[in-house]
Undergrad: 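Sharing a structure here in structure tokens format.
Computed from heavy atoms alone, side chains included, the values below leave out hydrogens, waters and symmetry copies.
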Amino acid sequence: MSRYESSLIAALSGERDIHKHWMLRLKHAVYKARLGHLDDAREIIRSARSVLSQMNTAQIVAYINFAEGVCEYFENGAAKAIDKLNRSRALAAGCPPNDDLPLLVAAWLAAVHRILGQWDNLSRDLADIFVSGRVVSDEVAARACLVVADTCEDVGAIKKADNWYKSARESALRLGDDSSLGAILYNRAAIKVFNVRIQEVKGLDLDIEECHLIVQAASAENYAQYIKDTSLGWAFDLLFGQLAIVQGQYAEAIRRFTSSKVPADLAAIWPAAELMRSADILRSRAILSEIDQSQVIQGASALMERFFGGVSASGMAIAAYSIQLALKQFDGLDERFTKMWQDAIARFDLNCQRESDVLKVLGERAPKDFAFPAL
């Protein structure tokens, strides 16, 4: 059990004020959700709602919606979390000045908006935290600094990312928050692997060894197992499957991509992940001569019909490129897929520029006594 969770339990044991008691319990629910213990988290939330009539304040309802939003994120994906988090943001406006919930909600919304490529919203969320002039707690800093670090890593600002990951890690360590430490390890490894996939699509040299990707991914998985974090256990199989793909280890890629841990409803939760996984399986099976050209064409057409227009540009680019490599095994290149990944890469580059602009604007608006790494 982390120091953070232990401190919540200790505080709960001595708390007699009903409002403070339930705020602590709902904080505990959020931590449970972050570790993937969703049944425990949902039970706490149900209990809170059952006694809501005794403490029906905007603050408590904001906490309930925040906890539900975090549960939605891990259970049903980023897009499904937005409604609850936005509701919590609106209600949290009524929280006392010493409550950091408004900033914590903004940090989680920033994470969601970054994943969904909603750059104007991401800029607003980060400004709420770093430009508002409010004191940022370690809990808020650990989450918010991670979002900025991930954004820097996305656009290749590696040195800045190093500094922001360091700030996130220092805040998490002070707090004793094992879940945040695990998220830092996983996010960085996942983004690096993703960027290698984009390098492959662009025809650039891959630097798997130079980036120590395998070591970083293994470290993230080992830490998650150590702290009993099951929130994204399946994601490690996808992560190692993608590493196997770029290393040409196609049988291993299939083994990872078809793991029993992968949710049956992955397409509904993380559609881009399911599109890339399915396209990579086609690529691997074609290269291993496990399927013929007609099966590739049939599978590829079904994927594009199912996901076209509904996933990120980067996910579309990687999937279309894998389909082309599958078709290439039969000298059956299809110009539709070539154009698809080329158009998607162009949109991806535009998104990276907009993401860089978010960092630039934040740096320009941050106060002179900005207490975090320079943007």
Undergrad: Taking the side chain as every heavy atom from C-beta outward, state whether Ser123 and Lys360 have any atom pair closer than 4.5 Å.
TA: no
Undergrad: For Arg188 and Gln216, which I'm curious about, is there any donor-acceptor pair between the side chains at under 3.5 Å?
TA: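 No.
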Undergrad: Mind listing the closest non-hydrogen atom pair of His28 and Ile9 along with its distance?
TA: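 Taking His28 first and Ile9 second, the nearest heavy atoms are CE1-CG1, 4.0 Å.
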Undergrad: Around atom CZ of Phe308, are there more than 12 heavy atoms from other residues, nucleotides or ligands closer than 6.0 Å?
TA: no
Undergrad: Is there a continuous path of hydrophobic side-chain contacts, each under 4.5 Å between heavy atoms, that joins Leu35 to Phe236?
TA: no
Undergrad: List the steps, then state whether side-chain contact (heavy atoms from CB on, under 4.5 Å) holds for Asn86 with Arg89.
TA: CA-CA 5 Å; Asn86 275 333; Arg89 183 206 287 270; 4.1 Å; yes
Undergrad: Closer than 3.5 angstrom, by distance alone: can the side chain of His113 be matched with the main-chain N or O of Leu109 as a donor-acceptor pair?
TA: yes
Undergrad: Do Leu26 and Phe66 make a side-chain contact, defined as non-hydrogen atoms from C-beta onward lying under 4.5 Å apart?
TA: no
Undergrad: Any chance you could measure Cys352, atom SG, to Trp119, atom CH2, to the nearest 0.5 Å?
TA: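 If I round to the nearest 0.5 Å, the distance is 7.5 Å.
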Undergrad: Between Trp108 and Val147, does a side-chain contact (heavy atoms from CB on, under 4.5 Å) hold up when you go through it step by step?
TA: CA-CA 9 Å; Trp108 275 89; Val147 176; over 6 Å; no
Undergrad: Can you name the one residue among Arg87, Arg42, Arg49 that meets side-chain hydrogen bond (donor to acceptor under 3.5 Å, both in side chains) with Glu68?
TA: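 Of all the options given, the one that passes is Arg49.
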Undergrad: What about Leu238 and Ile191, same hydrophobic cluster or not, with Ile/Leu/Val/Met/Phe/Trp/Tyr joined at side-chain heavy-atom distances under 4.5 Å?
TA: no
Undergrad: Would you check, one step at a time, whether the test side chain to side chain donor-acceptor pair (under 3.5 Å) holds for Asn187 with Tyr165?
TA: CA-CA 10 Å; Asn187 285 22; Tyr165 281 122; over 6 Å; no
Undergrad: Would you call the rings of Phe348 and Phe194 parallel, tilted or perpendicular, where under 30° means parallel and over 60° means perpendicular?
TA: tilted
Undergrad: Can you tell me how far the CG atom of Asp120 sits from the CG atom of Asp357, to the nearest 0.5 Å?
TA: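 One gets 10.5 Å once the value is rounded to the nearest 0.5 Å.
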Undergrad: Arg34 and Ser180: side-chain donor and acceptor closer than 3.5 Å?
TA: yes
Undergrad: Which residue, Ile318, Ile323, Leu325, forms the side-chain contact (heavy atoms from CB on, under 4.5 Å) with Tyr321?
TA: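 Among the candidates, only Leu325 passes.
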Undergrad: Between Arg143 and Asp177, is there a salt bridge with N-O shorter than 4.0 Å?
TA: no
Undergrad: Taking the side chain as every heavy atom from C-beta outward, state whether Glu221 and Leu239 have any atom pair closer than 4.5 Å.
TA: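 Not in contact.
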Undergrad: Report the distance from atom CZ of Arg347 to atom OG of Ser312, rounding to the nearest 0.5 Å.
TA: 9.0 Å
Undergrad: Could you give the distance from CG (Leu12) to CG (Leu24), rounded to the nearest 0.5 Å?
TA: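 Rounded to the nearest 0.5 Å, the CG-CG separation comes out at 5.0 Å.
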Undergrad: I want to check something: taking the side chain as every heavy atom from C-beta on, are Tyr73 and Lys80 in contact at a cut-off of under 4.5 Å?
TA: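 No, too far: nothing below the 4.5 Å cut-off.
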Undergrad: Can you name the closest pair of heavy atoms from Lys192 and Leu213 and give their distance?
TA: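 Scanning both residues, the minimum pair turns out to be CB-CD2, 3.2 Å.
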Undergrad: Using only atom types and a distance under 3.5 Å, with no angle test, would you say the side chain of Ser88 pairs donor to acceptor with the backbone of Lys84?
TA: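 No; zero donor-acceptor contacts below 3.5 Å.
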Undergrad: Check this for me: Asp39, atom CG, are more than 12 non-hydrogen atoms of other residues, nucleotides or ligands nearer than 6.0 Å?
TA: no
Undergrad: With no hydrogens and no angle check, just 3.5 Å: does a side-chain donor-acceptor pair link Gln59 and Asp99?
TA: yes
Undergrad: Does the Gln295 side chain pair with the main chain of Asp292, one donor and one acceptor, at a distance under 3.5 Å?
TA: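 A pair under 3.5 Å: yes.
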Undergrad: Ile297 and Phe337: same hydrophobic cluster, using ILVMFWY side-chain contacts below 4.5 Å?
TA: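 Yes: a chain of side-chain contacts under 4.5 Å links Ile297 to Phe337.
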Undergrad: If you measure only the distance, is there a donor-acceptor pair under 3.5 Å linking the side chains of Ser278 and Glu274?
TA: yes
Undergrad: Assign the ring pair Trp164 / Phe130 to parallel, tilted or perpendicular, where the plane angle (0 to 90°) is split at 30° and 60°.
TA: perpendicular
Undergrad: Going through the checks in order, is the side-chain contact (heavy atoms from CB on, under 4.5 Å) test met by Asp154 and Asn351?
TA: CA-CA 10 Å; Asp154 282 341; Asn351 279 335; over 6 Å; no
Undergrad: Can you check whether Glu335 reaches Lys339 side chain to side chain, under 4.5 Å on heavy atoms?
TA: no
Undergrad: Evaluate Val136 against Phe372 for side-chain contact (heavy atoms from CB on, under 4.5 Å), listing each step before the verdict.
TA: CA-CA 10 Å; Val136 177; Phe372 296 93; 4.2 Å; yes
Undergrad: Work out which heavy atom in Ser284 is nearest to a heavy atom in Ile245; give both atom names and the distance.
TA: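 Taking Ser284 first and Ile245 second, the nearest heavy atoms are OG-CD1, 3.3 Å.
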Undergrad: Is there side-chain contact between Val112 and Leu122, with heavy atoms separated by less than 4.5 Å?
TA: no
Undergrad: Any sub-3.5 Å donor-acceptor pair from Glu15's side-chain atoms to Asp17's backbone N or O?
TA: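 Such a contact is found between Glu15 side chain and Asp17 backbone.
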Undergrad: With a 4.5 Å cut-off on side-chain heavy atoms, are Gln293 and Val296 touching?
TA: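 Contact flag for Val296/Gln293 side chains = no.
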Undergrad: Taking Gly233's backbone N and O only, do any of them form a donor-acceptor pair with Thr230's side chain (distance below 3.5 Å, no angle check)?
TA: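 Not a single qualifying donor-acceptor pair exists.
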Undergrad: Nearest 0.5 angstrom please: Tyr63 OH to Thr57 OG1, how far?
TA: 10.0 Å
Undergrad: Is there side-chain contact between Leu85 and Asn65, with at least one heavy-atom pair below 4.5 Å?
TA: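 No, side chains not in contact.
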Undergrad: Looking at Phe330 and Ile291, what are the two nearest heavy atoms and their distance?
TA: CZ-O, 3.4 Å
Undergrad: Kindly check if the number of other-residue, nucleotide or ligand heavy atoms within 6.0 Å of CD (Glu364) is above 12?
TA: yes
Undergrad: Report yes or no: do Asp229 and Tyr186 form a side-chain donor-acceptor pair below 3.5 Å?
TA: no
Undergrad: Do you know the tightest heavy-atom contact between Ile129 and Ala144?
TA: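 Reported closest heavy-atom pair: CD1-CB, 3.9 Å.
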Undergrad: Kindly compute the distance separating CZ (Arg277) from CH2 (Trp270), expressed to the nearest 0.5 Å.
TA: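 Nearest 0.5 Å value for the CZ-CH2 distance: 16.0 Å.
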Undergrad: When hydrophobic residues are tied together by side-chain contacts of less than 4.5 Å, even through go-betweens, does Leu232 share a cluster with Leu243?
TA: yes
Undergrad: Taking only Lys NZ, Arg NE, NH1 and NH2, and the carboxylate oxygens of Asp or Glu, determine whether Lys202 and Asp349 approach each other closer than 4.0 Å.
TA: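 Here Lys202 pairs with Asp349 in a salt bridge, since their nearest N and O are under 4.0 Å apart.
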Undergrad: Under 3.5 Å, side chain of Ser259 to main-chain N/O of Arg256, donor-acceptor pair present?
TA: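 The answer is no, because no donor-acceptor pair under 3.5 Å joins these two groups.
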Undergrad: Is atom CD of Gln342 surrounded by more than 12 heavy atoms (other residues, nucleotides or ligands) closer than 6.0 Å?
TA: yes
Undergrad: Excluding sequence neighbours, so at least two apart, what forms side-chain hydrogen bond (donor to acceptor under 3.5 Å, both in side chains) with Glu355?
TA: none
Undergrad: Checking Asp178 against Ser2: is there a side-chain donor and acceptor pair closer than 3.5 Å?
TA: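 Per modelled atom types, Ser2 and Asp178 side chains form no pair under 3.5 Å.
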Undergrad: Group every Ile, Leu, Val, Met, Phe, Trp and Tyr by side-chain heavy-atom contacts under 4.5 Å, then state whether Phe257 and Val196 land in the same group.
TA: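 Same hydrophobic cluster.
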Undergrad: Pair Arg114, Asp125 - check salt bridge (Lys or Arg N to Asp or Glu O under 4.0 Å), show working.
TA: CA-CA 10 Å; Arg114 173 192 151 267; Asp125 299 332; over 6 Å; no
Undergrad: Please tell me whether Tyr4 and Glu139 have a donor and an acceptor in their side chains that are separated by less than 3.5 angstrom.
TA: yes
Undergrad: Compare every heavy atom of Ala320 with every heavy atom of Trp341, then report the nearest pair and how far apart it is.
TA: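 Minimum heavy-atom contact is CB-CB, 3.6 Å.
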